[in-house]
Enquirer: 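Questions regarding the structure given below will be posed in turn.
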Amino acid sequence: IHFAQECGAQVIIRGLRAVSDFEYEFQMVAMNQRMNDDIETVFLMADPAHQAVSSRLVKEIARLNGRSDMFVPPDVDRRLKARFAGR
């Protein structure tokens with residue numbers, strides 16, 4: 001908050017990659033507001049390309065014959081497809 005004050009900022013923009021980021025950021029905003037309630041914080045959701053994807057979801061996509069190649073390297077995709085072939 002001190003840096004924002006030094007720069008004359010009125011808004012702090014924070015990026016969220018996942019819902020789990022929100023709790024930490026929410027606590028940070030509460031502290032920042034107590035130190036200076038004239039500076040607002042705005043949250044923006046990250047582009048899906050920068051969000052974490054769980055291996056469980058990738059396995060489920062592969063199991064259902066979806067496009068798992070979008071999330072893993074080619075060697076991993078081949079192994080996933082081989083693992084779920086014929087199921």
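Residues: numbered from 1 along the sequence shown.
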Enquirer: Could you measure the distance from the CZ atom of Phe71 to the NZ atom of Lys59? Nearest 0.5 Å is fine.
Expert: 15.0 Å
Enquirer: Apply the test side chain to side chain contact (heavy atoms under 4.5 Å, CB included) to residues Ile1 and Ile12: give CA-CA distance (whole Å), side-chain angles for both, the deciding distance (0.1 Å), then the verdict.
Expert: CA-CA 9 Å; Ile1 204 75; Ile12 297 172; 4.0 Å; yes
Enquirer: Look at Asp75 together with Arg79 and state whether they make a salt bridge at an N to O cut-off of under 4.0 Å.
Expert: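 The answer is no: the pair does not qualify as a salt bridge.
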Enquirer: Run the side-chain donor-acceptor check on residues 35-46: report pairs under 3.5 Å with partners two or more places apart or on a different chain.
Expert:
{"from": "Asn36", "atom 1": "OD1", "to": "Asp38", "atom 2": "N", "distance (Å)": "2.8"}

Enquirer: Using the side chain to side chain donor-acceptor pair (under 3.5 Å) criterion, which residues pair with Arg34? Sequence neighbours excluded.
Expert: none
Enquirer: What donor-acceptor contacts under 3.5 angstrom involve side-chain atoms of residues 21-33, with partners at least two apart or in another chain?
Expert:
{"from": "Asp21", "atom 1": "OD2", "to": "Arg17", "atom 2": "N", "distance (Å)": "2.8"}
{"from": "Asp21", "atom 1": "OD2", "to": "Ala18", "atom 2": "N", "distance (Å)": "3.3"}
{"from": "Glu25", "atom 1": "OE1", "to": "Arg14", "atom 2": "NE", "distance (Å)": "2.8"}
{"from": "Glu25", "atom 1": "OE1", "to": "Arg14", "atom 2": "NH2", "distance (Å)": "3.2"}
{"from": "Glu25", "atom 1": "OE2", "to": "Arg14", "atom 2": "NH2", "distance (Å)": "2.8"}

Enquirer: Report whether Leu80 and Met70 are members of the same hydrophobic cluster (ILVMFWY, side-chain heavy atoms less than 4.5 Å apart, transitive linking).
Expert: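 The answer is yes; both residues are in one hydrophobic cluster.
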